Protein chains: 2
Amino acid sequence: MAANSQFAIAIHVLTILARSGGERVKSDYIAGSVNTNPVVIRRLLSNLQEANLVESQVGAAGGTSLAKQPKDIRLSEVYNALSCGEVFALHSKEPNKDCPVGRNMAAFLCGLQKEIDKSIGEKLNQYTLRDVLEKIEER
Amino acid sequence: MAANSQFAIAIHVLTILARSGGERVKSDYIAGSVNTNPVVIRRLLSNLQEANLVESQVGAAGGTSLAKQPKDIRLSEVYNALSCGEVFALHSKEPNKDCPVGRNMAAFLCGLQKEIDKSIGEKLNQYTLRDVLEKIEER
DNA sequence: ATAACTGTAACCAGAATAGTTGCAATTTAA
DNA sequence: TTAAATTGCAACTATTCTGGTTACAGTTAT
């Protein structure tokens with residue numbers, strides 16, 4: 001694997017929940033549409049739950065439903081609820097501190113990373129789950 | 001490892017080249033500052049060369065130097081020269097085509113991915129290697 | 001000629017992510 | 001009150017990615 005598909009799956013899952021008409025949906029069913037294992041879905045759902053985007057109920061007749069209206073779920077919230085990695089990684093080994101360039105590189109890159117992350121957040125903040133639903137329907 | 005640090009290392013490498021005063025720099029020296037193996041550096045340099053950002057010369061007294069002035073090297077060029085991954089990955093397995101959501105998900109996500117990539121490109125386009133040099137010096 | 005480099009291919013090692021299995025805890029319903 | 005259906009979670013496996021390393025061919029300066 002490698003390459004984080006959490007966000008992609010999360011959008012997929014939330015879209016399914018949004019279309020259930022408020023009915024609780026089982027992880028098994030979701031896994032069928034996403035084409036993965038139910039446990040993978042439940043793991044993800046557990047993150048979305050912490051972020052108060054969905055609500056689950058255990059036991060027979062259990063399942064998960066949205067905790068808010070699609071129009072009130074911003075994609076930036078989804079992104080932040082998950083541990084999606086940064087756009088680029090910093091050096092894996094620390095640069096050489098004896099070199100003036102190496103010494104100051106990390107600080108600069110870290111700042112740049114934050115700026116980019118902010119751009120992404122702003123972009124994702126422009127869309128809600130309702131927008132996703134509309135785009136999916138119109139095909 | 002995992003998590004692509006190519007971009008971070010590239011900026012580091014280019015900064016070193018920019019400070020060499022036009023002199024060719026050896027991969028061995030660069031590797032010393034970045035704190036990695038010379039081959040890793042040469043691999044990266046090879047990508048930057050394809051993008052016409054640097055020029056290398058083989059043989060004794062060989063090495064690499066910038067192909068343009070720092071003010072003419074935009075960080076977006078650097079980013080594009082490398083195969084940095086996308087911000088988020090699409091599903092690793094294809095979604096279930098029998099489900100209306102699964103069927104349309106990939107197209108939507110792909111579009112969103114492109115939009116985000118564009119934001120990143122625009123952000124990185126605002127900076128040149130000269131800006132990096134200035135930020136590094138002022139510490 | 002020889003030594004110093006780059007360019008590259010091939011392989012190894014470590015880490016991250018998704019996929020799986022198994023089971024405890026909870027809830028519904030017969 | 002027992003059985004069946006579900007979530008929650010821990011632990012393990014499999015796959016894949018990326019960087020590190022080795023080895024060596026080709027090139028150039030001295």
Side-chain angles (χ1 to χ4, degrees), chain A residues 1-10 12-13 17 20 23-50 54-65 67 82-96, chain B residues 1-10 12-13 17 20 23-50 54-65 67 82-96:
Chain A
M1 271 79 265
N4 197 331
S5 58
Q6 295 269 301
F7 180 74
I9 298 181
H12 190 152
V13 169
L17 295 182
S20 80
E23 292 292 304
R24 280 194 287 269
V25 183
K26 289 163 206 158
S27 64
D28 234 44
Y29 173 81
I30 300 175
S33 172
V34 174
N35 193 19
T36 185
N37 193 294
V39 177
V40 172
I41 299 298
R42 294 205 285 268
R43 266 199 294 242
L44 178 70
L45 247 16
S46 148
N47 287 325
L48 298 179
Q49 226 175 140
E50 277 175 42
V54 303
E55 289 168 340
S56 293
Q57 184 173 323
V58 301
T64 306
S65 53
L82 308 170
S83 44
C84 305
E86 303 283 347
V87 181
F88 57 86
L90 268 26
H91 303 52
S92 43
K93 288 183 185 172
E94 277 229 330
N96 183 348
Chain B
M1 271 88 259
N4 197 331
S5 58
Q6 294 270 301
F7 180 75
I9 298 180
H12 190 151
V13 169
L17 295 181
S20 80
E23 292 292 305
R24 281 194 285 269
V25 183
K26 289 164 205 156
S27 64
D28 234 45
Y29 173 81
I30 301 175
S33 171
V34 174
N35 192 19
T36 184
N37 194 292
V39 176
V40 171
I41 299 299
R42 292 204 288 266
R43 268 200 292 243
L44 178 70
L45 247 16
S46 150
N47 287 324
L48 297 179
Q49 226 174 138
E50 276 174 42
V54 303
E55 289 168 339
S56 293
Q57 184 172 321
V58 301
T64 306
S65 53
L82 308 169
S83 45
C84 305
E86 303 285 346
V87 182
F88 59 86
L90 267 26
H91 303 54
S92 43
K93 286 184 187 172
E94 276 229 332
N96 183 348

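In this text, all values refer to a predicted model and were calculated from it rather than measured experimentally. Throughout, a chain's letter reflects where its sequence line sits, starting with A, and its residues are numbered from 1.
- When the ring pair (Phe, Tyr, Trp, His ring centres under 6.0 Å) test is applied to B:F88, the partners found at least two apart in sequence or on another chain are A:F7.
- Atom-to-atom, CZ of A:R43 to P of C:dT17 comes out at 11 Å; the value is rounded to the nearest Å.
- Here C:dG7 presents its P atom at 11 Å from CD of B:E50, a figure rounded to the nearest Å.
- In this structure, CD of B:Q6 is placed 5 Å from P of D:dG19, rounded to the nearest angstrom.
- Between A:Q49 and the phosphate of D:dT7, there is no side-chain N or O to OP1/OP2 separation shorter than 4.0 Å.
- With sequence neighbours left out, B:N37 forms a side chain to side chain contact (heavy atoms under 4.5 Å, CB included) with B:V39, B:V40.
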Run the side-chain donor-acceptor check on residues 23-33 of chain A: report pairs under 3.5 Å with partners two or more places apart or on a different chain.
residue	atom	partner	partner atom	Å
A:R24	NE	A:A61	O	3.3
A:R24	NH1	A:Q57	OE1	2.9
A:S27	OG	A:R42	NH1	2.9
A:S33	OG	A:H12	NE2	2.9

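- In this structure, B:R42 reaches the C:dT6 phosphate: one of its side-chain N or O atoms is under 4.0 Å from OP1 or OP2.
- Rounded to an integer number of Å, the gap from A:L44 CG to C:dG19 C1' is 14 Å.
- Rounded to whole Å, atom P of D:dT18 lies 12 Å from atom CG of B:L82.
- Atom C1' of nucleotide C:dT6 and atom CG of B:L48 are separated by 15 Å, given to the nearest angstrom.
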Quiz item: Once each nucleotide of nucleotides 25-30 of chain C is scored for protein heavy atoms under 4.0 Å, what B/S/- sequence comes out, 5' to 3'?
Solution: -BBS--
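- Residues forming a side chain to side chain donor-acceptor pair (under 3.5 Å) with B:E55 (at least two apart in sequence, or on another chain): none.
- In terms of the side chain to side chain donor-acceptor pair (under 3.5 Å) criterion, B:E86 has no residue partners (sequence neighbours excluded).
- Side-chain contact between B:V34 and A:N96 is absent, with no heavy atoms from C-beta onward closer than 4.5 Å.
- Proximity of A:S56 to the phosphate of D:dT7: no side-chain N or O atom is located under 4.0 Å from OP1 or OP2.
- Summarising the geometry, the separation between CG on B:N47 and P on C:dT6 is reported as 16 Å, rounded to the nearest angstrom.
- Across residues 28-40 of chain A, A:T36, A:N37, A:V39, A:V40 each have a non-hydrogen atom less than 4.0 Å from an atom of DNA chain C (numbered order).
- Remark: B:S5 is in phosphate contact with D:dG19, judged by side-chain N or O atoms under 4.0 Å from OP1 or OP2.
- With rounding to whole Å, B:I41 atom CD1 is found 15 Å from C:dG7 atom C1'.
- Among residues two or more places apart in sequence or in another chain, the side chain to side chain donor-acceptor pair (under 3.5 Å) test is passed with A:R43 by none.
- Among the protein residues, B:E55 comes within range of no part of the nucleic acid, since none of its heavy atoms lies under 4.0 Å from any strand.
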Quiz item: Where do B:L48 and B:T64 land on the side chain to side chain contact (heavy atoms under 4.5 Å, CB included) test, with the steps shown first?
Solution: CA-CA 11 Å; B:L48 297 179; B:T64 306; over 6 Å; no
